[in-house]
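What follows is a set of notes on a single structure, which appears directly below.
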Amino acid sequence: HERVLIFAAASTAPAIEPLTRGFAKAEGGKADAQAVFAASGTLARQIANGAPADLFLSADKRWIETLAKSGHIDRTRMAALMRNCLVLVLPNDDRRRLTLSATLPKELGDGRLLLADPALAPLGAYSKAALQSLHLWEPLQGRLAFQPNARAVLALAARGEALAIVYRSGANKSPGLRIAAPVPETAPILYFLAPVAGRDRPAAQRLLAYLKSDAARTAYRRAGFIAVDAPCPS
Amino acid sequence: MIEVDVRRRHGAFALDARFTTDTQDQGGVTVLFGRSGAGKTSLVNLLAGLDRPDSGRIVIGGAVLFDSERGIDLPPEQRRLGYVFQDGRLFPHLSVLRNLTYGMKRLGSDGDGPVTLDTAIELLDLRALLDRRPATLSGGEKQRVAIGRALLAHPRLLLMDEPLASLDATRKNEILPFIEQLRDETGIPIVYVSHALDEVIRLADTLVLLSEGRVAAVGGVEDLMSRLDLRPLTGRYEAGAVIAATVRSHDAPGGLTLLDFAGGTMRVPYTEMPLGKELRVRVRARDVSLALSEPADISILNVFPGTVREIGGEPGPQVDVLIDIGCPLWARITRHALEKLAIAPGKPVHALVKAVALDRHSLGHGAGRFRASNETR
Amino acid sequence: MIEVDVRRRHGAFALDARFTTDTQDQGGVTVLFGRSGAGKTSLVNLLAGLDRPDSGRIVIGGAVLFDSERGIDLPPEQRRLGYVFQDGRLFPHLSVLRNLTYGMKRLGSDGDGPVTLDTAIELLDLRALLDRRPATLSGGEKQRVAIGRALLAHPRLLLMDEPLASLDATRKNEILPFIEQLRDETGIPIVYVSHALDEVIRLADTLVLLSEGRVAAVGGVEDLMSRLDLRPLTGRYEAGAVIAATVRSHDAPGGLTLLDFAGGTMRVPYTEMPLGKELRVRVRARDVSLALSEPADISILNVFPGTVREIGGEPGPQVDVLIDIGCPLWARITRHALEKLAIAPGKPVHALVKAVALDRHSLGHGAGRFRASNETR
Amino acid sequence: MPFLTPLETEALLLSLRVALVSVVFALPVGLLVAWLLVRVRFPGKSVLDAVVHLPLVLPPVAVGYLLLIALGRNGIIGGWLYDSFGISFAFTWKGAAVAAAVMAFPLMVRSMRLSLEAVDPGLEAAARTLGATRRRVFLTVTLPLMAPGILAGGVLAFARALGEFGATITFVSNIPGETRTLPIALYTLTQTPGGEAAAARLAILAALLAFAALIGSEWLARRVKATRGAAARA
Amino acid sequence: MPFLTPLETEALLLSLRVALVSVVFALPVGLLVAWLLVRVRFPGKSVLDAVVHLPLVLPPVAVGYLLLIALGRNGIIGGWLYDSFGISFAFTWKGAAVAAAVMAFPLMVRSMRLSLEAVDPGLEAAARTLGATRRRVFLTVTLPLMAPGILAGGVLAFARALGEFGATITFVSNIPGETRTLPIALYTLTQTPGGEAAAARLAILAALLAFAALIGSEWLARRVKATRGAAARA
Ligand SMILES: Nc1ncnc2c1ncn2[C@@H]1O[C@H](COP(=O)(O)OP(=O)(O)OP(=O)(O)O)[C@@H](O)[C@H]1O
Ligand SMILES: Nc1ncnc2c1ncn2[C@@H]1O[C@H](COP(=O)(O)OP(=O)(O)OP(=O)(O)O)[C@@H](O)[C@H]1O
Ligand SMILES: [Mg+2]
Ligand SMILES: [Mg+2]
């Protein structure tokens, strides 16, 4: 009986959690999979320090780069699994019609725009890049607040404390929020799956394959992600 | 007036004390006397409000401090009783001076009470210690500060739990007159716990004998000390008679003071006292000898003729003999002398009292100052 | 043998004590006597190793406990000195029984030492308290437990810092003989701090008078007590002479024991003692009267002829008179009597000593047991 | 401060301010609670005890979230505070101080309780026989005798406040210059590839800070002890 | 346990084991350190003091990261331990216990120190005159008199260990059945859309656990006090 460990960014939990069960069923007792969720940076450092991970799943390009460069993941067998999109969300009861226009800083009043921390989460990095390309990053200084990860941004936004830029995958599942506007990305937000170097057991390879299968794609969609090559809805 | 009627259990120990002392307006000293473990400290804690009786009533100077039936239980700070603790309890974080003045806040001024700060410092010889912290004081120094602190709090009654036990004789003899003076001049009543008979004799107006949590006897020092049945409690070694007397005249050049008492005139070392002053004289049995004829050319100044009344039945080589010289007097002689002189009840004898064994004590209050109650129930 | 030569500063207080006591193999009691704040506790702490002298040397029974020059400083547990603290210091978390047995571990057995657990419990009347915690004990009960605890640790020397101060007279008189017995039978030397003269007289072989941190005098009780220049330290009230004597014979039916001493034969109340036993007799000046002729038919058994040697110069109505009756004896009489009887040096007199004022004390050791040094430098 | 980058200086000063304010405000409350818990009998005592300990046993993020629910701008108390007084804790350094105070509170109370329990009631009794009311006894006897424990509790709380992260970031987010305290800055760096050196610098800075607080408190404690006089050699 | 899901039971039992083991091992070390800090003079004392307090002032994640670097399989100490004895802390429940112990350590030491400082040196001196060596004095006098403080410290540490999250997830990751303690399970649930209810259950469970420990300790402390006899009415 083999156990495969996949280290996955916390925001992928809704998609990956059911798939580990599916994998165990498919393996019929030969092997099963266990997912370890945490911040990408935490997981990456653990892998660099000898964590018994077989696969690494993250949207954080910086850490993927770092691990690839230090030889901890096998870049040649890395694959993009799914894609996510950014949206601007408002609490359900907030009836304002806000868009990401030049007037946004003024329309915020003494409210704040909530982002994931660009230094911590890929969501943050993508949000920052988008705001920069819209020339809103500078004007919004002083009106921004950062949360460490995507879930935290959603939780705070759902409390009605601020507007927020979040993943579409999360916004879909949050009953207290409505999507005010899509946020145009500068580059597609892709989740990469890579085997950890030196741990390519057959079972790990089978899980890798399973996560790229059609069954898996359905699960991703169900969790609010879109296909790698699909466009973001506008 | 102190009226106490309390019950309190501590594990196997049960305190059940009832007594009343009557003093008109004036103060007076009530001494709680009893063996180690008799319940003296327990009783004082009840008076101070630091412990609560299971039931009972405490009235001091007309003020009801505690009454379980009427649901009265004054907190300690409102009882206005100064307490000198058996174990010191100085505030370790305050200097000696600030320990002394801690309770002076009660009056809001610095010298309003019957005792001023300066008097207390001088008398208790604390001047050199004022800036020190209690931790560096010697045992006796601590106790002196504790006495000063309680005095300066201007209490309506002072509770003193063996305040002099850790003081040397010289110091004791300096402080005792101060306590006497306090009693006589300020009218602050004092409840004084002691197991030292010399202190008891000197200070007590009323003596409360405690034994195993109960009041074995309450009354005047004179009465209780001459009672044979209380000897197990008052102690044999120190036994004697206490005699009330009045200052008759002085013979200053001769170094004598003459006192009138029921048995005639007694000559004691010269002491400055107003004529007519009532005082108490203690004659210890061990300081009284007997002779069949009046001895001549002897340094003993007080020789009183009298009659043998009773011979104590204690075993051992010494016998206490009760003599009537107009008032009762105890003499302790050897059994050998008893036989040699053929002492027996009814026999006329002369009692030789060494003048130097007399203790001075002012009475100051009329007789019948106390009502005994609850004696060895 | 105790050899002490230490210096220690505490703020403004400087202890500078040097003295030696010589006792051959046997124990003996060295009493540290002095006023409150004289430095008694400070000195005892140095002996016990609880405080370190700034410089000096401490040798007890041949063992060097401290020597600043040789760099020796034995830790307290290796000094094997039992310490009865002035402030009790019972272990609050242990029952009385476990407090008592705490130091018995030293021998590893339960009854090996000179004092067995049962003896101590019986003598100190602790049976009923064994399961209690110290917090619930009365002041005197605590001190009794503390004494028992130190005794049971089988020390080579006992340090007792005012162990009886919080005990009543009855209890004191029960425990004092026990300490005497300890001294006599176990040979454990004792350093005893006290300001009570009766304890000093009863117990002391060597007396160390401390005054303001210095040794004012060291020597035998006999010598120091009869020295007029030490009166300010030893106290006047209690002054007297101490006389060495030997048991000569018993008169059990007559209730008498006869002692030989330098002035002849003395009759004291019957006491069970072997014939020939050396002991010490204390005669307080206040218990001695003078007569010009020998009085007849008097209950005073001891009348010694003698000659007046010296008349004390103290002011006041009473005078101390030194009489030579073969050995020195002090009598305290009134100035009135002095004049009436025309007492002057050289005059023959009879000294009347009340037998009951005698204290019993075994000497047990030869003379010259101490070397005085450093007297009031 | 010449050795520090402007970012470090900012985080340092902010952390100091937040920790200091939190301790100053928590101290009297802590004292009151400690006193209630040690010396007073009342129904619901164990409930109070439990509530005080809550921040200790709950994950900090949960505490932050609870604070948000209570004190956020849409929170029960926070909404009222904002509507009535215009006071807002969310997204401000004051909120960070609140979070730090709440998290440090149980430690402070614990320390005070221990020292209060060590105060000899006999001394308090003595003070009362000298005519002091309960209040005066507390101020002149109990409090000074507790001083070492209060000091210890205060320093502990200060140190804990300096290190507070989870509740702070959840409650007030990470706003540079407003709520980016040392620990938040440090956390951010650990999640950044190549942030090791800068993170180490900040860690050392935090350690030095704690160090200074501790040494200060030791020194104070020694002074307190010295004025009380030393006991015999142990 | 009928009210708990298997996952909850697993996390609960794991948390209990981790917290218990961490306290049991930290207790003697904490005692030693407290004793060194209170009763011994040696150079570098304040450095030791500061190091002990470090986990308090550093963000837990930073502590976890330091542990990972030191005790990870590639770490300085961890590598040696693994090579020489085959012991590995990283990514095992033992590592979680280490992280919990380290984080709880300063609290434990503080509590012990306060109670040690309250022990009357006069009693220790008395014990030594009775022939007890330093060691026996410590075991029979100091230790029993410190008992309330040790108890308080131990329970505090236990509660803190139960709630430990940041250092744990950084050091030993989030491995179900091995290192997914209650707080980490709670975190995982909050990362999952719709996990709020389950997360609340876990939070309540954690709080109840800690309360049980605290109430137990109060009860024990009261018993200790009762056997020592009460003082006068305050
Ligand atoms: N809390 C308690 N639990 C059990 N017994 C107690 C408690 N408090 C006091 N006692 C007992 O009550 C008795 C009286 O104690 P108390 O302190 O009043 O004696 P005391 O007369 O002051 O004695 P001493 O002269 O020795 O101070 C003692 O036997 C003591 O052991
Ligand atoms: N640490 C200290 N700092 C300053 N003075 C001190 C210190 N320790 C003791 N003293 C002083 O030294 C003197 C001697 O104290 P010690 O306790 O030895 O007296 P003592 O002879 O035992 O008196 P007592 O009979 O009252 O117990 C006292 O005046 C005391 O105030
Ligand atoms: Mg008492
Ligand atoms: Mg002393």
Side-chain angles (χ1 to χ4, degrees), chain B residues 10-11 34-37 41 86-87 128 132 136 138-141 144 162 165-171 173 195-197 235 237-238 251 254-256 267 269-270 286-287 289-293 295-301 316-318 331-337 339 341 352 354-357, chain C residues 10-12 34-37 41 86-87 132 136 138-141 144 162 165-171 173 195-197 235 237-238 251 254-256 267 269-270 286-287 289-293 295-301 316-318 331-337 339 341 352 354-357:
Chain B
H10 282 301
R35 297 192 59 166
S36 168
T41 301
Q86 192 169 8
D87 53 355
R132 297 258 294 276
T136 68
S138 81
E141 287 164 348
R144 272 143 63 203
E162 308 192 17
S166 55
L167 294 182
D168 57 294
T170 320
R171 210 121 237 171
N173 286 325
H195 45 56
L197 257 169
Y237 183 79
E238 296 283 335
D251 171 10
L256 285 185
R267 290 184 279 184
Y270 176 75
R286 52 192 290 262
D287 287 326
S289 307
L290 297 181
L292 298 187
S293 54
D297 292 341
I298 189 166
S299 67
I300 296 176
L301 293 179
Q318 300 183 41
R332 180 169 302 168
I333 64 176
T334 56
R335 205 167 281 282
H336 181 88
E339 279 157 25
L341 303 183
L352 283 57
K354 282 214 64 168
V356 289
Chain C
H10 282 302
R35 295 191 62 165
S36 170
T41 301
Q86 193 168 8
D87 53 354
R132 298 257 294 274
T136 67
S138 82
E141 288 165 346
R144 273 144 61 203
E162 308 191 18
S166 54
L167 294 183
D168 56 294
T170 320
R171 213 122 234 174
N173 286 326
H195 45 55
L197 257 169
Y237 183 78
E238 295 282 336
D251 171 11
L256 286 185
R267 289 184 281 182
Y270 177 74
R286 54 191 289 263
D287 287 328
S289 308
L290 297 180
L292 296 186
S293 54
D297 291 339
I298 188 163
S299 67
I300 297 177
L301 292 181
Q318 298 183 43
R332 181 170 301 167
I333 63 177
T334 56
R335 207 168 282 282
H336 181 89
E339 279 155 24
L341 302 183
L352 282 57
K354 279 214 64 168
V356 287

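Note that these values count all heavy atoms, side chains included, but never hydrogens, waters or copies made by symmetry. Residue numbers start from 1 in every chain, and the chains themselves are labelled A, B, ... in the order their sequence lines are given, proteins ahead of strands.
Every residue two or more places apart in sequence or in another chain was checked for a side chain to side chain donor-acceptor pair (under 3.5 Å) with B/Arg335, and none qualifies. Remark: B/Ser36 engages C/Arg144 in a side chain to side chain donor-acceptor pair (under 3.5 Å) (not counting sequence neighbours).
Proximity to chain B (any heavy atom under 4.5 Å) is shown, for C/Glu141, by both the backbone and the side chain. At a 4.5 Å heavy-atom cutoff, the contact between B/Leu341 and chain C is made by side-chain atoms alone. Using a 4.5 Å cut-off between heavy atoms, C/Leu256 contacts chain B through its side chain alone, with no backbone atom that close. For a residue to count as touching a neighbouring chain, one of its non-hydrogen atoms must lie under 4.5 Å from one of that chain's; by this rule C/Ser289 touches chain B with backbone and side chain alike.
Between C/Asp287 and B/Asp287 the shortest side-chain heavy-atom distance falls below 4.5 Å.
Across all their heavy atoms, B/His336 and C/Leu301 have their closest contact at CD2-CD2, 3.6 Å.
Remark: B/Leu290 CG to C/Ile298 CD1 distance equals 9.0 Å, nearest 0.5 Å.
Top candidate by heavy-atom pairs under 4.5 Å with chain B, chosen from C/Ala291, C/Ser138, C/Ser299, is C/Ser299.
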